[in-house]
Every structure is written in structure tokens, then in C-alpha cells.
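In what follows, a single structure is set out as C-alpha cells and then discussed.
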Amino acid sequence: MERGPAAPGRRRRRRDGRTRTVRSNLQPPGAEDAAAGAAQGARHVADNRLQTTKYTALSFLPKNLFEQFQRLANVYFVFIALLNFAPAVNAFQPGLALAPVLFILAVTAFKDLWEDYSRHRSDHEINHLGCLVFSREERRYVSRFWKEIRVGDFVRLRCNEIVPADILLLSSSDPDGLCHVETANLDGETNLKRRQVARGFSELVSEFDPLTFTSVIECEKPNNDLTRFRGCIVHDSGRKAGLCKDNLLLRGCTVRNTDAVVGIVIYAGHETKALLNNSGPRYKRSKLERQMNCDVLWCVLVLVCMSLLSAAGHGLWVQRYQEKQALFHVPEPDGSSLSPVTAAVYLFLTMIIVLQVLIPISLYVSIEIVKVCQVYFIHQDVELHDAETGSQLQCRALNITEDLGQIQYIFSDKTGTLTENRMVFRRCVVSGVEYSHDANARRLARHQEADSEEEEVVSRGGSLSQRGSVGSHQSVRTAHRSPSTRSHRPPGGRAEARWASVLSRRTAFSSPMEKDVTPDPKLFEKVSECDRRLAIARHQECPMAHLSPELSDIFDFFIALTICNTVVVTSPDQPRQKVRVRFELKSPVKTIEDFLRKFSPSRLTSGCPSITNLAAAKAIPRPGSSSLSPDSSPLGLEDRLGQPAPAFASNGYGGGAAGWAQDTDPDTDPDPDLDPELCYEAESPDEAALVHAARAYNCALAARLHDQVSVELPHLGRLTFELLHTLGFDSARQRMSVVVRHPLSDEICVYTKGADSAVMDLLLPCAPDDAGGRHQRRMRSRTQQHLNLYAVDGLRTLCVAKRVLSADEYACWLQRHLEAEAAVDNREQLLFESAARLETNLHLLGATGIEDRLQDGVPETIVKLRQAGLQIWVLTGDKQETAVNIAYACKLLDQDEDLITLNAESQEACAALLDQYLRHVQSTAPRSTPQKSFGGVGVAFSPVCPPAEPPASGPSLVIDGRSLAYALEKHLEDRFLLLAKQCRAVLCCRSTPLQKSMVVKLVRSKLQAMTLAIGDGANDVSMIQVADVGVGISGQEGMQAVMASDFAVPRFRFLQRLLIVHGHWCYTRLASMALYFFYKNTMFVGLLFWFQFYCGFSASAMIDQWYLIFFNLLFSSLPQLVTGVLDKDVPADVLLTEPQFYKSGQNMEEYRPRTFWLNMADAAFQSLVCFFIPYLAYYDSNTDVFTWGTPITAIALLTFLLHLGIETKTWTWLNWAACGFSVLLFFAVALIYNASCATCYPPSNPYWTMHTLLGDPVFYLTCLLAPVAALLPRLLCKALQGTLFPTPLQRGRQLAKRSLRRPGTPREPPGRPPGVLRMEPLEQSSAEASGPLPRDGAWPEACPAAAARARGSSSGRTAALSSVFGLPALGPWGWVPSLPLLGGLGGALQLSRGGFRAHKRGGDFLRGPPRPPADSF
């Protein structure tokens, strides 16, 4: 019975747990709730101190050790070192055994300490920035540090100052209570965003006095959602006013175009949204590391087996010789001896200590060092730098670089990722009539031609290096069908790129290509007629009645384009005055504050400025604009851009119709800059394109305030619409609306624009018998037909509609809408329902088609990635026709392939279509044995093995969002995945962000495949975070995707080099390095293990404990680090030319279980050779055990270095220096140690050992013979395998070496990028290799010119890649070129090659560079 009264209390407590109450710090709580207020303040008031450090002076040592012991390898080695302190089982001196572990822990601790100190310095710099905070004692604003700000303080900010905390805006110097901010430090968007003073405070006439603020703010708890803020402000009268994100200034934003603002701090310090979004660099476990951890467990098992075998042998030996009391036997203190079992147990633990080297203690630290160096060299690659935007690749995840070389599936967004996200108005249909804008199409074609001509001139001049892609960006067929599919090529000059970057930094989405829309002459005449008629009838009772229905729709259509947006209008008296920030690239970006301090927003987020647009501007001077001369500087250009034109008023707007007169000749390009100084700051490129298009028709957005928006027309002059409400765009509604009071009709109108799939369903039903209804049906039908044609042409479509509200309808809606705005709980849902109630019964006005151009190099990149064995899925929110057309343009789909379109209206229909398509695909594809069966459909997945390669030919799948939702259901996802797996490409249209992440997760979990997701916007964040590797593009939509990604690239085309070159290199380096570590440790432990058979399994070691402890740590560690950082198995140009080499990483050819066990077996064999050759050399001599063990140590070191030399593909002076340093260090330490430490660690006596050995010829003989004998089988096996059964990578290496050895090779023609090699397909059969090679031993020429000379001199001299990709010559030295260390020797000898002749159809020869390519890391 008591539950009823308790329930409201629980609900209240739950609500209190979700909300926060903020009061002014200047007004103490009243007497009646003093205690409650004090508790509330103590609980919520937080300072603004930024602290990203992990340690303090006292907590560093324990906390760092605790973190290091999270790695089980460190725990293992510390345990072994401590076990060595037990006298019964110790094998080495306890202090000496601790040295390697302490060294590893100290190096890691120093690295962590340095990183933490760097964070401390950054925190100190930010915490001591200054700002103005109101002081109750002084009754004025005083300067304080950021770290001294508290929740509830009042902060005053001036223009161009950075917001120090999350502040609720209470006052603004703007008379309308507006404040403009730039959020580039948060999301990378350089366009201005408008913020509004909280409701109830914008009406204040006098200056805001913080002492009079007595209201209470109730808001949500701190969260990381940058796009949402819910709360209300409770006044003394009890009245509540709703708060939203437009009232909140976020930390890190910059105040622009506003003299001063005042606000109260809501969230401070680490409670701010910016810092809550700071997750720092992403740490993941790579696939290679997971495999390596498994092999470490195998090594542990091998170690246990070896120790058990030694313990059993020792027990048997003690039992057999226990009565004889061997000379070295040491009895217990009481004179007794250990039993065989006890001795075996002790020996087992001792062997664990002796053989601990089998577990690579330095493996993890070495790999971490190599990965950091790899990231550094990737950053230094100039080919990954975008000259247009000044940005380059960023690596935010340090430990998954090798995963870049094993990717199997790529999931890509379309808009802004494959396309430029630079929207250009292309066509429109109004009132059912389509206007093709042919002159505007010719204008865009001129831009394209100017781009091509400039690029051609630059390529002839040699001032711009090619990007390594040859061919058209699209097929001729696609280009003829749709100009929108043309790829916009990059600018030609770096100086012009910088100038265009200045323009784009100043105003987003405002390049000449986007602004200079050429109007359609017919539509332009109709708009002018509307303007003239309304100007005449303006003062009559119903001006709109003087327009025909078609003209009325046209007028409302352009009014909607002009005002249905959130575009901010700026003018010369409101300069941007950006703060100059020195640009530094420090990767990875660990904090949001790094963006604030180190990254210039323009360098990261300026879009794709078109230099050819500037060239067009130079060719056609415009009034009020200046041409760019070659000697102009970016700074001077910016100064000129900020100068107001004297012909205009101080506010920047023209007055009267004369200022709007312009030539309306349709064949000329009318000047759209009605006011050259007017500047539009749009939040999206779509909005900017539509506003610029309306301005081209003399319907210009002149001003925007919080409660009104002004439109300027030539004859009507300025029309001011009272702005009642703005219902912003969201992904659920897919539309936005504005509610205004029309100045001509005094009606309340709703203007809506959005996706056609959302707007067309909201139209007013047409009356079947009414003439107007029939007209509406015809208009809608024609509009839909044109929308379909626009989509086929690859245009982005938007529908525009209108609704007129009566006073009663508006009053009823307004009441519920205000309640939704004031709500704290479930506010988003209530606002969504309120917008849905308003956006119904709409009247269709028309539709627009906007062109989004492909990025440069996208088609070539997709082709190369597919050749590399990568399967590409495109997940987009665009409609199906648009996405399909773009897919054809970017070469994702081919014109001659089958296209499976999956559009289902229900779940049952989706299941039936999946079964039908599966049967069709399986009937045309090779059959496989199914493992599962779902409804008669076989589903076969191989989670253990890598997924099969994407089909070279086959159908492609296109699925819409509704069908995708059905296909992702539990009982259909397997069938959908089986169908998609057998398709050449998959295109998911109208997909939501959640569906994108579900698709990636499905492929990753079901197929056990390595996935990569790439996108540029906030809607791609979930997909990026789910994938194994997430890549963000720092494009037009900000930095949300970048901040959630592992890697960030400026353009999609850079993905080709990142994966095919750097990904392949990183994987092969780390795979070879891991295998080398296991080989080296196993081989060294084998030497100790074989000795146990000659010492009664007593755990004795013939190697001095100093060498034993420090061998891996000092003597043999540096060369493998150098190789792991610098080795390149195949040059970059070969990898880019033949992307199929990338498949080696997908198939794990370098590091797989079979390779691991062969490596271990080879290590065991080499240890046998390196043990028994010195044993036989010093057999039956007077040499003591440690003198005999020193040559074994030297032999092991030389064998390791020679083995590394065989595996090293690229030799630099650093490799030679590292190997020489290791050898010199060993002998120097040995000489010093043997001379100065005679009896340091008895019973060993190393005195003068090395000095004696250096005078013994047997020592030199064994050091030469043993490594050669140990490595000879490996050398022969690799030579035979490389000769008889070469892998694709070995063929590529042979090709690169032979092409680089060609002296006097002519340079490539200008049309071909330098260093690009032409190759035969790798699938070419070795059976094609026949015929003798030239008798003189000369290798085929490496270029067409040389090939022609060779054919002219000797018709019999035909040389082809069959000798490289097929069966090479088997002469006495035919195997030599496959060995990196001896390749030069084989090339010099060039012995008999007369046994075979390589033939290639067509007589094409290799093309190679005249000198080794300078591959950038």
C-alpha cells in the first residue's frame, strides 16, 4: 500500500539524476534552502582546469608499473627474475638476471613519462589563457585564467576570442541577441553558425547585469553530444523557457562578427562537451599481434616441453649415478643428497630460468618502436600531402599500421568521400515545367575544359608531378550522359592553390563555380515577370492574386530557395578577422585542445578550391572584383577581399532597383554578383548552392536576423519576412521548414524543402473530380519523371513545397510546439512530432537537381583497389538512381555487368527475392559444398580461413534502405551476406548511419574479414568505429569523422597509396620481424638445450651469463630494428603498377602457422649446426667450457646477422652500419669484460678468453664455417623456390631489380608517370617461357624505344616477362637474383643463360626508370 506515494519520489530521484541545476555564483541560495543549495553547489560546481596527465610525482612509479604489468609478458619475466633469487633453482646471479627486465620496464616508463610531461606542458599553456569573469567583490569583469572559472560564473567574451567553457548565452552586443561562432576547432567546419540569446533575455534594453540574475537553470547532465543541448531556465515567477543547442557556446569555439557576449558557465573543465569527446588516440589490437600472441603461447608450450624433458633426463641421470657421487656433486648441509624426483622438480624450474630467452622479452617493445617509426615515415610521404588544402595524412592509432596491409573489404560513403561535396546548381523543375539550364551546363563545361587545359600545360612544363594514374576519369559513355560524373581535376599550380585556399577559408562553399550560376532564359523571364507584376500590385489588397498559378508557384519556389535555410549573411562591416594560428603537425592528435592550439582550421577543412575557377575569373573581369596576378600574395588577396566597395552603402546592401539591373541576354553569362561584397555563410553546400542559384535569378538573400529574413528583388525591392520558426534538418525527417509571415499576403506560410522520398509523401491529396486536382496530379507526375531523370544523371534532388496556415491552425500548433520546446525530458521526440504535424498537406512547388562532382582520381583508385583483391561496398543515403549513376562514373559498376536490384516492400518479398537471386547467382557460379541451409539456400562461410577473393566478373548488387532493413534481420542476414559475397560490388542506397554500422559489423563478424570504413561526415562515425580500420576524410563536412577515425586522409585517392604501398610495407616488415624474433630466440635456446645432453641435464650453460643475459638486448637488437623500419620488399612504383601484390597480406603469406613452424624447425637445425661444429672443432682439447662457449656465442651472432641479411630486401647504409656496430660491440664488450672481470661471477673465469681466441686460427675457421653451413640449406631452399616456384612478390622484386640495373634507360614520355613499370599479368603460365635468351647475356631493354632498337638489331631478341613471372633460366647462377644479398653478384657474373628463351606476345618490353626511384616512406 505504500508503493503509491513512493513512486513519485523515485521518479523525482531518477529525474534529478539526469538533470543538473545551475545557479549564479553571485547570488547565494536563500535561507530556506541554504543547505540544499550548498549541497547542490558542492556536488556540481567544478573548475575549468584541464588535466590530461595520468601521473603525479607520487603516483608515477606505482601507477606506471601497474599499467606495465597489465601485459602478461612483463609479469612472466618478472616472475622468472624473482624465481632466480631462490637458491635451490637459481641459474644466474640474481642481480644480473633482473637487468633485462628492469631495462625494458625503464625504457617504457621513460617513454610514458615523456609523453605525460608533454601533456602537462600543453595543459599548463591552456589553463593559463586569460578571459574576463565578473567579480562580485569588485562589481566588474576582471581578468582570470581559464583554470579559475567555475560553473555559475559569468564570462564576457569579445570578438575573435575562444570560448573557455560551455556557456549559456545571456547577452549579446548584437541588437537582435545574435552571436556568430566558428566551430572549426570542434568539427572543422569553417562556416559561421548562429547562436541566440536565451529566451527572455534578448528583450533587455539596458546592459545585462549579472548581479540581477536570479533565475535557475535546469539542464541535462554533461554528455559528449555536440549537436544537442536540453534544458530550461526557471525565472522567479515560475515561468519556464526552453533551452536548446542554439543557446549554448561550446568550449573551443571562436566568437565572430560580434563585439561582445556574456554568458553563464554551465559545464566547465572535463565536463565540457569538447573534452568529453576527447577519447585520445585509438588503441586497438592488430590481427598480426593477435596471431603473434598465439605463437608466444606455443613458445611457452615448447619451453615447458624442453624443461620437462630436461627434468626427466636429470632425474634419470641422478638415479643412475646417485651411488657414484660424481665429482661435481654438492651434498646438502646435512650431508644428504636430493632424491631424483626432487632434483627433477628443481631442475625443471632452473631450466625455465635458463631457457627463458625462448620467450622474446624485447619483441613487444621493439615492435612498438618500429610502429612509431613507421607512422613517422608515413607522415613524411609527400605523395600523401594535398597541395590544395595544405593537409596531409594523420595517424591517430599507433598500433594497427600492419592492418592496413590485410584489408579485405572497404565500406565507403559516397557524398564527400567519392565526390567533392561541392554542390553546383544544375537544373530545376517548377510547377511541372523543366528548365534544363543549358547555358549553365556550358559554363560548367568551360570550367572542366579550363581544368584540363591547365593541367596539360603544367604537365608539359613539368612543374606538376603526376599522381600515378593514367586514363580518363570515366567512360565516354558516362561522360556523354551526365556532366555531373566528370571528375574535377586538381589545380595546376601551388601558388594558385594557396590563393584558392584563402578564398575557401574566408567563405565556405563560395568558389566561382558554385556562385556563378547562369540562369535559364525562359525561367529568368518568368521570374522577372513575377517581380514586375507584384511591384505594380504591391499596394493593392491581394497582390499574389495577380499572378497565374504557374507564376505564383515560381515566385514561391524562389522565395523558398532563398529563405528556407540557415544561411548567415555577412558584409564588409563584419569582417571575419580570423586568428592566425601557427600550423604544426604533431601526430597523433591526442586531444581536442590540440586542434585549438596546433591546427589551423583552414589547413584541415578547406574544401576543394577550384583554381580553374580563378582562371575563369581572371579571363572575365567582373565589376567590383580584382584579378589575381601571378605576383599576388595570399595575404594581399585577403586584404583586398576585406575592402568594401565604395559604390555600396556601409551595410553592404544595394538600395533601389537600379542596383539590381543587369543584362538578361541569355547567351551571355550575367553577373550573378548583384552585390560583390555580400557573403553567404552556409552550414551545408546544398544550402549555399540553392541560395546562389536564387541570387542568379535576382532573388537575393539580403539579411537574416533571429526573427526576420529579408529578400531583395529588382522591382519589389526588399521584402522582409517575419521568421516565426525554423524547423531544422535532421536525418529522420530528411527535410527542413521555416514558418514565416508573408509580407505581401500577411499569411502564415510554411516553406519546406527536403528529399523527394520524404516530401512527396506529405503532399495534399488531389481531388479526383476537380480541375485543379487533375492539374496537380499531372504536375506531380511530370515532376517525378524529371526527378527520376535527374537521379539517372547523378544529380542530387530536393523537392520544394509550401503550405498556408490559418490563424487557428497556427495557434493550435504553436501551443503544443512551445510545450515541446520547454520540455526537458523526451524533448527531441516531442519536437519531431510537432514538426510532423506541421509538415503535412503540402503544395508542391518544384524540385532542384544539384551536381556533386567526383573527386580527382576516384575511378583509378577504385580500379587499383579492386586489382589488389579488395571488395568495395558503397553505403550512401542518396536515392538509388543517383547512387547507381555515380557508381558507374567511379568505375564501381561496369556497363557490361549484370546488376541485381533488390527493392522489397515487405520482409516476405525480401526473403523471396534473396532466394531467387541466390539461385540465379549460384547457377552461374562454380558450386561449393554448403555448410548451412536456410530455406533451401546453401550458406557457406569460412570463419577460420580468409574470405575468398572478390569475383573478377559477376553481378553487382544494389539494395535500397527499406530492403536493407529487412535483409539485416537475423533470419535473413546470412542469405543477404552470401549473395553480397558473390557479387562484384555492393551498393546500399538510402541507408541510415545505424544500417551502415550494422552492415560493417555483419561482414566483420560473419566472414572474419578485415574491414575498412571510410567517410567524411558525422553520419559515418558509427561505421568508422565498428570497422577494424576507420579512415576519416577531412573534407567539407567537418572533422567528426576524423576525430572518430584511426587514420585521416585529405582525399579518397590517397587510400590507394596508404593501403597498397604503406599497408603492404608495414605488414611485411612486422611479419618478418616477428618471425625473425621467434627464430633468433629459438636458435639461441637450442644451443643451450643441446648442451644439456653432455652435462647430465644439470641446467648448466656453456655461455657466460653476461652474454646470455645481454645477447638479445644489446648485441642483436639494433639490426632488426633498422630492417623493421626501412625494409621494402617491393618498390612503391611496382606496388602501384601491380596492385595484386597486396594479396599477399590478405592471404597472410608472410606470417601464417605453417611459416611459423617451418621457421622454428629451421632455427632448431641451425642451432644443431652451430653447436656441433664448434663441439667437433674443440673436441678432445684443453679448452674449458666457457672458452668453448664464447665461439658459439660469436657464431650465433654472425649467423643471426647473415640470416637477417638474407631476409632483408632493401639494403641501406643504416643496415650495414647496424650490422657492423653489433659485431664491433660484441667483440669490444667481450675484450673489455674478459680483461677487467677475472672472477666477477665464479665459478666462471672469463679472464683473457677472447684475447686467446683471437689468436687461434680454429676460432676464425669455425666462425666462418658454422654460419655458412647453418644457412646453406635455407639459402638453397629459397633459391630453388624462387627459381622453380616463385611467388608473385619474388617476381616483382626480380622485375624491379632487373629494370633498375638497366644503364642508360631513356626517360619516360611526359604522358606516363615516372617510374611506372608495365608488367605481364601474374597469372601468365610458366609454360609460355621458351626459347633461348641472348647469348651475350644482355637483359631485355626496359622501355619501348630500347625495345625497338633491340628488334631492329636482332629480330631474334625477344624478351618478355615470362622470364620474370614464369620459369626463369636454370643456369648455374639462375637462382642468384632471387637472393637479396647475392643479387648483385649474380648480375655481375651473368653466366650461361642459353638454355631458355622468354617470349612475350606483342613484343612489349619492360618500362623502368633510369635510376632507382626515391620512394618516400
Side-chain angles (χ1 to χ4, degrees), residues 22 24-26 48 129-135 139-146 148-186 189-213 215 217 219 226 229 231 233 241-268 272-274 566 568-571 573-579 596 681 704-707:
V22 178
S24 169
N25 290 339
L26 306 180
N48 198 44
L129 294 175
C131 63
L132 295 177
V133 180
F134 193 86
S135 172
R139 294 182 174 271
R140 64 184 181 87
Y141 290 97
V142 298
S143 179
R144 289 184 183 173
F145 292 133
W146 277 24
E148 298 173 343
I149 298 176
R150 302 290 188 273
V151 173
D153 284 348
F154 291 89
V155 178
R156 179 183 177 90
L157 299 171
R158 292 164 294 192
C159 185
N160 298 325
E161 287 188 346
I162 300 175
V163 181
D166 290 352
I167 296 174
L168 180 66
L169 187 59
L170 297 176
S171 175
S172 173
S173 60
D174 186 273
D176 299 301
L178 296 179
C179 171
H180 295 96
V181 295
E182 185 183 84
T183 60
N185 292 322
L186 292 181
E189 297 180 2
T190 56
N191 52 285
L192 295 185
K193 296 180 176 60
R194 187 180 63 183
R195 295 295 178 259
Q196 178 70 46
V197 170
R199 186 172 300 172
F201 291 88
S202 58
E203 296 82 5
L204 296 178
V205 178
S206 59
E207 185 178 356
F208 175 77
D209 185 6
L211 292 174
T212 62
F213 181 85
S215 303
I217 301 168
C219 60
L226 296 172
F229 175 67
I233 183 167
L243 301 174
C244 62
K245 67 180 182 67
D246 291 336
N247 307 126
L248 192 67
L249 303 181
L250 298 180
R251 174 175 176 145
C253 296
T254 305
V255 178
R256 302 290 191 199
N257 292 2
T258 310
D259 292 336
V261 295
V262 176
I264 185 172
V265 177
I266 302 295
Y267 307 121
T272 58
K273 292 180 179 291
T566 57
V568 177
V569 184
T570 58
S571 55
D573 59 340
Q574 296 174 324
R576 287 292 289 273
Q577 298 177 0
K578 281 197 175 183
V579 177
L596 184 148
E681 302 276 357
R704 179 183 294 276
L705 303 176
H706 75 287
D707 59 350

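We're numbering straight along the sequence, starting at 1.
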Looking at side-chain heavy atoms only, is the closest gap between [X] and [Y] below 4.5 Å?
X: Cys131; Y: Ile162; value: no
X: Phe201; Y: Ile233; value: yes
X: Asn257; Y: Val568; value: no
X: Gln196; Y: Asn247; value: yes
X: Arg195; Y: Val261; value: no

Going by side-chain contact (heavy atoms from CB on, under 4.5 Å), Phe154 matches just one of Leu170, Val133, Val265. Which one? Leu170
I'd like to know if the side chain of [X] reaches the main chain of [Y], judged simply by a donor and an acceptor atom lying under 3.5 Å from each other, with no hydrogens or angles considered.
X: Asn160; Y: Thr254; result: no
X: Asp174; Y: Cys179; result: no
X: Thr258; Y: Arg256; result: yes
X: Ser173; Y: Asp259; result: yes

Rounded distance (nearest 0.5 Å) linking atom CG of Leu243 with atom CG of Leu169: 11.0 Å
Could you work out, with side-chain hydrogen bond (donor to acceptor under 3.5 Å, both in side chains) as the rule, every residue matching Thr566, not counting sequence neighbours? Glu687
Under the side-chain hydrogen bond (donor to acceptor under 3.5 Å, both in side chains) test, residues paired with Thr272 that sit two or more places apart: none
Geometric class of the Tyr141/Phe134 ring pair [parallel <30°, tilted 30-60°, perpendicular >60°]: perpendicular
